[in-house]
Amino acid sequence: MADQLLFNPRNYDPAHFDPETRRLLRATVDWFEDRGKRRLIEDYRSRAWLADFLAFSAKEGLFATFLTPASAADGHQDKRWDTARIAALNEIFGFYGLDYWYAWQVTILGLGPVWQSDNETARARAAELLAQGEVFAFGLSEKAHGADIYSTDMLLEPDGDGGFRATGSKYYIGNGNAAGLVSVFGRRTDVEGPDGYVFFAADSRHPAYHLVKNVVDSSKYVSEFRLEDYPVAAEDVLHTGRAAFDAALNTVNVGKFNLCTGAIGICEHAMYEAVTHAQNRILYGRPVTAFPHVRRELTDAYVRLIGMKLFSDRAVDYFRSAGPDDRRYLLFNPMTKMKVTTEGEKVIDLMWDVIAAKGFEKDTYFAQAATEIRGLPKLEGTVHVNLALILKFMGNHLLNPAEYAPVPTRRDAADDAFLFRQGPARGLGAIRFHDWRAAYDAFAHLPNVARLREQADALCEFVTTAAPDEEQSRDLDLLLAVGQLFALVVHGQLILEQAGLTSLDEDVLDELCAVLVRDFSAHAVELHGKDSATEDQQRWALSAVRRPVVDTDRSARVWQRVEALAGAYEMAP
């Protein structure tokens, strides 16, 4: 019997979506399956540009349907910005290859400043380009400054006719070789400070747009480009001043959410290969899966992957239900980017320890999965950047809950319009959250949920009695260790919420929480060893260490689920 918790192309039927969404998702799966594993791997190895895939997308109207908000859809009833179905497509793209996901992801980023703009000419142009099957690009990062948008060297000089001439270069710009529209961030030469920022639309086919190179050795075209005296007309300007700055950050808020479900897809495909290989590999007269350490590693990988899916699915609901008075998504978003993607690395590493040399073979998906999973924690801000962001929410989340109406599961065919009117990108420390304890209390009968709750309560004690002082607050190394502990509490919370909404098998949930208890203990020990940790903090750290509750029968039942993945899916050759 197929595992209903994992994506499997053999039985995939997204029945919870509307008919056109179901058709497009299934058509995408079928396109990849018809292409076959050998061609998929060869395209990856030969670094072929994704022309065939983009032609398929254009023919089916895939990007246009999924990435045109209702406000720009000209009455087309199937076009909307729907985070639930975008997440589903992320997972499919990750399952078949991150190169496909990347072309889609940077299109999303390129569209962000456009859909946030009041420039109706630019919006109409973007909608038409999408309908024609074009891709988009997000011109923010620079070689000398990275994503430090305060220091942009893309300079716009007024031309005297209400427009500008733009000169400067951008770096790490996906789709920069083919984008019909590139959203470019720069600053005016005649205005100082934040009022001088400008977001404008450029065309990669314009003579003043110079493609320098692809900075990576991949099918992904991660470009360096340079504008030389590029004419920016008034109708090309998307945002000016502080609004341009906010558009940059709010676009990343929308875009970086996609990394979690891309990571999930990668891990799912790799898991089918890994378990199948391990089950069929005979070592010392026994299947590799007969060894206890192998069972533990594959079981840990499986439950971590289920945790990734539970957290991400629940985070979708908070994204879709967000509004000016409910900005909780601004915590759950960097969590999906940082925590879920690093969990993906752990999942791949656990499986790779089992399959060893097989993970390098050129005819496996796993070989590219092991490479590509590394990139996701490092895109749209590093793990450290997102951990530092998460820390801004810790006090209110742990200690100062507020009342909110329950957020339902959101799979309805609605347009997530708020994502393009998020407003100023500030005030994060004032955001309030519902009481995280309720999710833990609902499963207090499970021994490892109860143990994880003990550790979460201990973290509240740390914040109130042993929190970093003013000097320590400048020690980012120490703070990041605290951030990892807080992230685990939030990770557990949304996992438990989604487990309740989906009636998750409690064996799987308790086995997953046993892993999280071990993780919390490991991060507490790390905090204990930090150079600047005080004696009180060191004592607290050791007191927060817990041993998970062992249940061999429970673990054996979960292992049966993992073992059943052997042969459950193999991509057609």
Side-chain angles (χ1 to χ4, degrees), residues 90 94 98 101-102 105-106 109 140-141 145-149 172 174 216 222 248-249 251-267 300-301 304-305 307-309 311-312 315 329-350 352 369-394 397 425 428 459 468 473-495 515-516 518-527 529-531:
N90 286 328
L98 202 68
W101 172 89
Y102 184 75
Q105 161 70 356
V106 292
L109 292 170
L140 185 66
S141 296
H145 309 297
D148 177 8
I149 56 181
Y172 295 140
V216 299
V222 187
L249 297 183
T251 293
V252 173
N253 284 339
V254 174
K256 72 182 178 184
F257 180 78
N258 300 307
L259 279 70
C260 62
T261 36
I264 288 165
I266 291 174
C267 291
D300 281 5
R304 283 187 188 278
L305 176 53
M308 292 165 66
K309 294 199 74 168
F311 186 93
S312 300
Y329 74 102
L330 289 174
L331 166 59
F332 303 139
N333 188 31
M335 279 289 302
T336 56
K337 186 268 171 266
M338 181 281 296
K339 185 64 180 173
V340 175
T341 61
T342 53
E343 284 292 287
E345 287 191 291
K346 292 175 185 176
V347 168
I348 294 296
D349 286 343
L350 285 163
W352 206 352
T371 298
E372 300 297 341
I373 198 69
R374 309 298 169 197
L376 292 172
K378 300 164 183 65
L379 298 175
E380 325 309 347
T382 64
V383 169
H384 307 121
V385 167
N386 281 277
L387 261 178
L389 176 59
I390 287 165
L391 279 167
K392 294 178 182 291
F393 304 98
M394 183 168 69
H397 182 277
L428 303 186
L459 184 60
S473 295
R474 294 189 290 273
D475 181 354
L476 189 56
D477 187 44
L478 178 87
L479 292 180
L480 292 178
V482 177
Q484 290 284 9
L485 294 166
F486 174 52
L488 274 165
V489 177
V490 181
H491 191 55
Q493 176 193 353
L494 261 61
I495 285 171
V515 170
L516 301 185
R518 294 203 311 261
D519 287 352
F520 195 101
S521 297
H523 287 303
V525 171
E526 182 184 6
L527 176 63
K530 290 299 179 184
D531 292 352

Answer yes or no: is there a side-chain heavy-atom contact under 4.5 Å between Leu259 and Trp101? yes
With rounding to the nearest 0.5 angstrom, report the CG to CG distance, Leu305 to Leu350. 11.0 Å
Minimum heavy-atom distance between Val254 and Asn258, given as atom pair plus value: O-ND2, 3.8 Å
Output the distance between atom CG (Asn90) and atom CZ (Phe257), rounded to the nearest 0.5 Å. 8.0 Å
To the nearest 0.5 Å, tell me how far His384 NE2 sits from Leu389 CG. 14.5 Å
In terms of heavy-atom contacts, Val222 and Tyr172 come closest through CG1-CA, 3.5 Å
Side-chain (Lys337) to main-chain (Pro377) donor-acceptor, under 3.5 angstrom: yes
Qualifying residue for side-chain hydrogen bond (donor to acceptor under 3.5 Å, both in side chains) with Asp519, from Gln484, Arg304, His491: Arg304
Quick check for you: to the nearest 0.5 Å, what is the distance between Leu478 atom CG and Glu526 atom CD? 10.0 Å
Does a side-chain heavy-atom distance below 4.5 Å link Gln105 with Leu379? no
Excluding sequence neighbours, so at least two apart, what forms salt bridge (Lys or Arg N to Asp or Glu O under 4.0 Å) with Lys309? Glu91, Glu268
CE of Met338 to CG of Leu387, rounded to nearest 0.5 Å, is 4.0 Å
Is the closest side-chain heavy-atom distance between Leu98 and Leu376 below 4.5 Å? yes
Tell me, do Ile264 and Phe311 make a side-chain contact under 4.5 Å, heavy atoms counted? no
Reference residue Lys256; test side-chain hydrogen bond (donor to acceptor under 3.5 Å, both in side chains); the match among Asn386, Asn333, Thr251, Thr336: Asn386
Go through the steps for Val490 and Ile390 under the test side-chain contact (heavy atoms from CB on, under 4.5 Å), then give the verdict. CA-CA 10 Å; Val490 181; Ile390 287 165; 5.8 Å; no
To the nearest 0.5 Å, how far apart are CE in Met394 and CG in Leu485? 9.0 Å
Considering all heavy atoms, the nearest Leu476-Ala388 contact: CD1-CB, 4.4 Å
State, to 0.1 Å, how close Ser312 and Thr261 come at their nearest heavy-atom pair, and which atoms those are. CB-CG2, 4.3 Å
Heavy atoms of other groups near Lys346 NZ, more than 12 under 6.0 Å: yes
Could you check whether any side-chain heavy atom of Asp300 comes within less than 4.5 Å of a side-chain heavy atom of Arg518, counting everything from C-beta outward? yes
Thr341 vs Lys378, test: side-chain contact (heavy atoms from CB on, under 4.5 Å). Steps then yes/no. CA-CA 9 Å; Thr341 61; Lys378 300 164 183 65; over 6 Å; no
Report, as yes or no, whether the 6.0 Å neighbourhood of atom NE2 on His145 holds more than 12 heavy atoms from other residues, nucleotides or ligands. yes
Tyr102 versus Val106: any side-chain heavy-atom pair under 4.5 Å? yes
Where Ala481 and Lys530 come nearest, the two heavy atoms and their spacing: CB-CE, 3.9 Å
Min side-chain heavy-atom separation Leu249-Val252 under 4.5 Å: no
Scanning both residues in full, the closest heavy-atom pair of Met308 with Cys267 reads CE-SG, 4.2 Å
Below 4.5 Å, heavy atoms only, C-beta onward: do Leu109 and Leu140 meet side chain to side chain? no
